[in-house]
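Every chain is numbered from 1, with letters handed out A, B, ... down the list of sequences.
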Amino acid sequence: MTIQRPRGTRDFLPHDMTRRRYLEYQFRQVVSRWGYQEVVTPTFEHLELFTMKSGEGIVGELYNFTDKGNREMTLRPELTAPVMRMFVNEMQAFPRPLKLFYFENCFRYERPQKGRFREFWQFGVELIGSESPDADAEVIALAITMLKIAGIRCDLHVGYLGIIRHVLSSLNTEQQSKIMRLVDKKDDKGLDDYLEEIKAPINLRMQLLELISLTGKEALPKAYKLLGSIPELDTFQKILTLLDAYGINYTIDFGIARGLDYYTGMVFEVYAEGLGAQKQVCGGGSYKLIQLFGGGDVPSTGFGIGFDRIMEIYNIEPEPQNTVVIVTTDRTRLNAISIACKLREYVPVYLDIMNRNFKSQLSYANNIGARYALILGEREISEGLFTLKDMNSGRQESLTLNEIIVKLTGENK
RNA sequence: GCCGGGGUAGGGUAGUGGUUAUCCUGUGGCCCUGUGGAGGCUACGACCCGAGUUCGAGUCUCGGUCCCGGCCCCA
């Protein structure tokens, strides 16, 4: 039996990679125009980096291992923690804000399903050093711009954790975290039961339940009515005003909660259709992780895009290149090499290495979908005029090498 | 970790206990020494792995594995 690829991993064939690289190219264009610069962190890190961030419980979902020096290591399951670690290690004195992006593979030991793999790619950004509404809005706007350029139709949901935290401020942090988790899961019954269990004040319950049910255009005024004029609502309103200025449509959703303590304020999620149960293609928010990793009290905001999930619904086909297959005879093979080398400065060129006859070479050109066949027989070599055959139309013309180069590169633009 | 559906050449498939596993497609070669896509011939190529039942297993049973969808989780 042949060796299979590991569970939850994928092979990417040439056609897949053409499409993936094109999406990657589109994303890179956008983030660099917004002033973000690429960073790369190691594929594996000390296990502790992730347990510090997310708790011991995540170890079960990690590809962790002990190395030969008895160090507890893990393949990275995400990139926010590594980038924050990198910031603490080497970038604390850089001018702020720092605008970083990454595109790397990550690994999680989970049960694969649609849009979920054990090795997957994340494209993300981290904006470090600002906690202004402007930073929050910029990050959201960047995410939406990227998805739009990829041709993805999606729903943006924006929330603000500070508001729920305000409501829960009389509870201890453990109780707050638990409630946030239940809210995030939209587990209404579990939430009711838990509020009952901890005997939460009736006023708090009423405010919480009403708050998380608020949605749509009226959500903000209603929230003001419910909670009064608190600074968290003012901040949220500023973010929304900025999003309006960016021309971005959003749904207010106080139900995006996220149970982890390092999220500070704005949170957002983006959903796309056609993806089954794993429909979230992007998630982000503002958080404070840097102190946890031994750095200063530096706020940051970021998001990660599930690159593979985008690929599932991405239907842009990159323009094919003007591939040329050179067709030679036994007597012109040596001449063909120098011509191939010249053309390879401009376009992809195939030169027969199978010792095929004339007809088979042409047939090969057809089979690989080449745009042109360049016929280099004795006649052409002696005349210095080569026969360029358009494989789509079947038409062919006699041209000099320079004319051919002009034709091939001109059509590329 | 749990639930359901699956696994026969590279791709798509037929085959409900019985010779040498079917067909389509693909790929290589030839028909065809300067003109591709069609056609003909030919070659290549598969029962996911293991155990069990049986005179005999692609077919039945069990375990494993991988795929698809879902639960959990989603940092």
Gap in Å between the two [atom1] atoms, one belonging to [N] and one to [M], rounded:
| N | M | atom1 | value |
| --- | --- | --- | --- |
| C60(B) | G6(B) | P | 11 Å |
| A21(B) | U35(B) | C1' | 41 Å |
| G26(B) | U13(B) | C1' | 14 Å |
| U59(B) | U19(B) | P | 14 Å |
| G39(B) | C49(B) | P | 34 Å |
| U16(B) | A75(B) | C1' | 49 Å |
| U54(B) | C71(B) | C1' | 40 Å |
| G11(B) | C47(B) | P | 12 Å |

Quiz item: Charged N to carboxylate O under 4.0 angstrom, Arg28(A) versus Glu38(A)?
Solution: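 Answer for the salt bridge query: yes.
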
Self-check item: Glu397(A) bridged to Lys407(A) by N-O distance under 4.0 Å
Solution: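 So Glu397(A) pairs with Lys407(A) through a salt bridge.
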
Interatomic distance where [atom1] belongs to [X] and [atom2] belongs to [N] [whole Å]:
| X | N | atom1 | atom2 | value |
| --- | --- | --- | --- | --- |
| Asp352(A) | G28(B) | CG | P | 12 Å |
| Ile3(A) | C66(B) | CD1 | C1' | 14 Å |
| Tyr364(A) | G26(B) | OH | P | 17 Å |
| Asp11(A) | C67(B) | CG | P | 11 Å |
| Ile368(A) | G37(B) | CD1 | P | 15 Å |
| Lys389(A) | G36(B) | NZ | P | 7 Å |
| Asn367(A) | G37(B) | CG | P | 9 Å |
| Met354(A) | C30(B) | CE | P | 10 Å |

Quiz item: Rounded to the nearest 0.5 Å, how far does CD of Gln26(A) lie from CD1 of Ile149(A)?
Solution: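 The CD1 atom of Ile149(A) sits 7.0 Å away from the CD atom of Gln26(A).
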
Quiz prompt | Ring centroid separation Phe120(A) to Phe117(A) under 6.0 Å | solution =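 Centroid separation for Phe120(A) and Phe117(A): 6.0 Å or greater.
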
Quiz item: Would you say the base of G34(B) and the side-chain of Glu380(A) have a donor-acceptor pair closer than 3.5 Å?
Solution: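 Check passes, donor-acceptor contact within cut-off.
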
Quiz item: If you take atom types as modelled and just measure distance, does the side chain of Gln396(A) reach the base of U35(B) with a donor-acceptor pair under 3.5 Å?
Solution: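 Pair found.
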
Checking base pairs now: Watson-Crick or wobble, both atom distances under 3.5 Å. What partners [N]?
| N | result |
| --- | --- |
| G4(B) | C68(B) |
| A9(B) | none |
| U27(B) | A43(B) |
| U16(B) | none |
| G52(B) | C60(B) |

Sequence neighbours left out, cut at 3.5 Å: what donor-acceptor pairs do the side chains of residues 41-50 of chain A make with other protein atoms?
from	atom 1	to	atom 2	distance (Å)
Glu45(A)	OE1	Arg85(A)	NH1	3.0
Glu45(A)	OE2	Arg85(A)	NH1	2.5

Quiz prompt | Nucleotide-resolved protein contact map, nucleotides 68-75 of chain B, B/S/- at heavy-atom distance under 4.0 Å | solution = BBBBBBBB

For nucleotides 38-47 of chain B, print each protein N/O atom paired with a nucleotide N/O atom at under 3.5 Å, atom names and distance only.
none

Quiz item: Closest nucleotide of RNA chain B for Arg379(A) versus for Pro6(A): which of these residues is on the 5' side?
Solution: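 The 5'-side residue here is Arg379(A).
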
Quiz item: With sequence neighbours left out, which residue pairs that include part of residues 133-176 of chain A fulfil the ring-ring contact (aromatic ring centres under 6.0 Å, His included) condition?
Solution: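 Those involving residues 133-176 of chain A are His157(A)-Tyr271(A), Tyr160(A)-Phe236(A).
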
Self-check item: ring-ring contact (aromatic ring centres under 6.0 Å, His included): pairs with one or both residues in residues 288-334 of chain A, sequence neighbours excluded
Solution: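 For residues 288-334 of chain A, and leaving out neighbouring residues, the ring-ring contact (aromatic ring centres under 6.0 Å, His included) pairs sorted by first residue read Phe103(A)-Phe307(A).
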
Quiz item: Touch check for Gly8(A), heavy atoms < 4.0 angstrom, all strands: base, sugar-phosphate only, or nothing?
Solution: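 Sugar-phosphate contact only.
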
Practice problem: Please state whether the phosphate of G29(B), meaning OP1 or OP2, lies under 4.0 angstrom from any side-chain nitrogen or oxygen of Arg356(A). | Solution: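 For G29(B), OP1/OP2 do have a side-chain N/O of Arg356(A) under 4.0 Å.
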
Side-chain donor-acceptor contacts of residues 295-302 of chain A below 3.5 Å, not counting sequence neighbours, with atom names and distances?
from	atom 1	to	atom 2	distance (Å)
Asp297(A)	OD1	Lys288(A)	NZ	3.3
Thr301(A)	OG1	Asp136(A)	OD1	3.1

Practice problem: Please report the closest heavy-atom contact between Gly216(A) and Thr251(A), naming both atoms and the distance. | Solution: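 Residues Gly216(A) and Thr251(A), closest heavy atoms: N-CG2, 4.4 Å.
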
Quiz item: For Glu317(A), does the CD atom have more than 12 heavy-atom neighbours from other residues, nucleotides or ligands under 6.0 Å away?
Solution: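 Counting neighbours around CD of Glu317(A), more than 12 heavy atoms of other residues, nucleotides or ligands fall under 6.0 Å, so yes.
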
Quiz item: Is there side-chain contact between Leu289(A) and Met52(A), with heavy atoms separated by less than 4.5 Å?
Solution: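 With C-beta onward as the side chain, the pair stays apart.
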
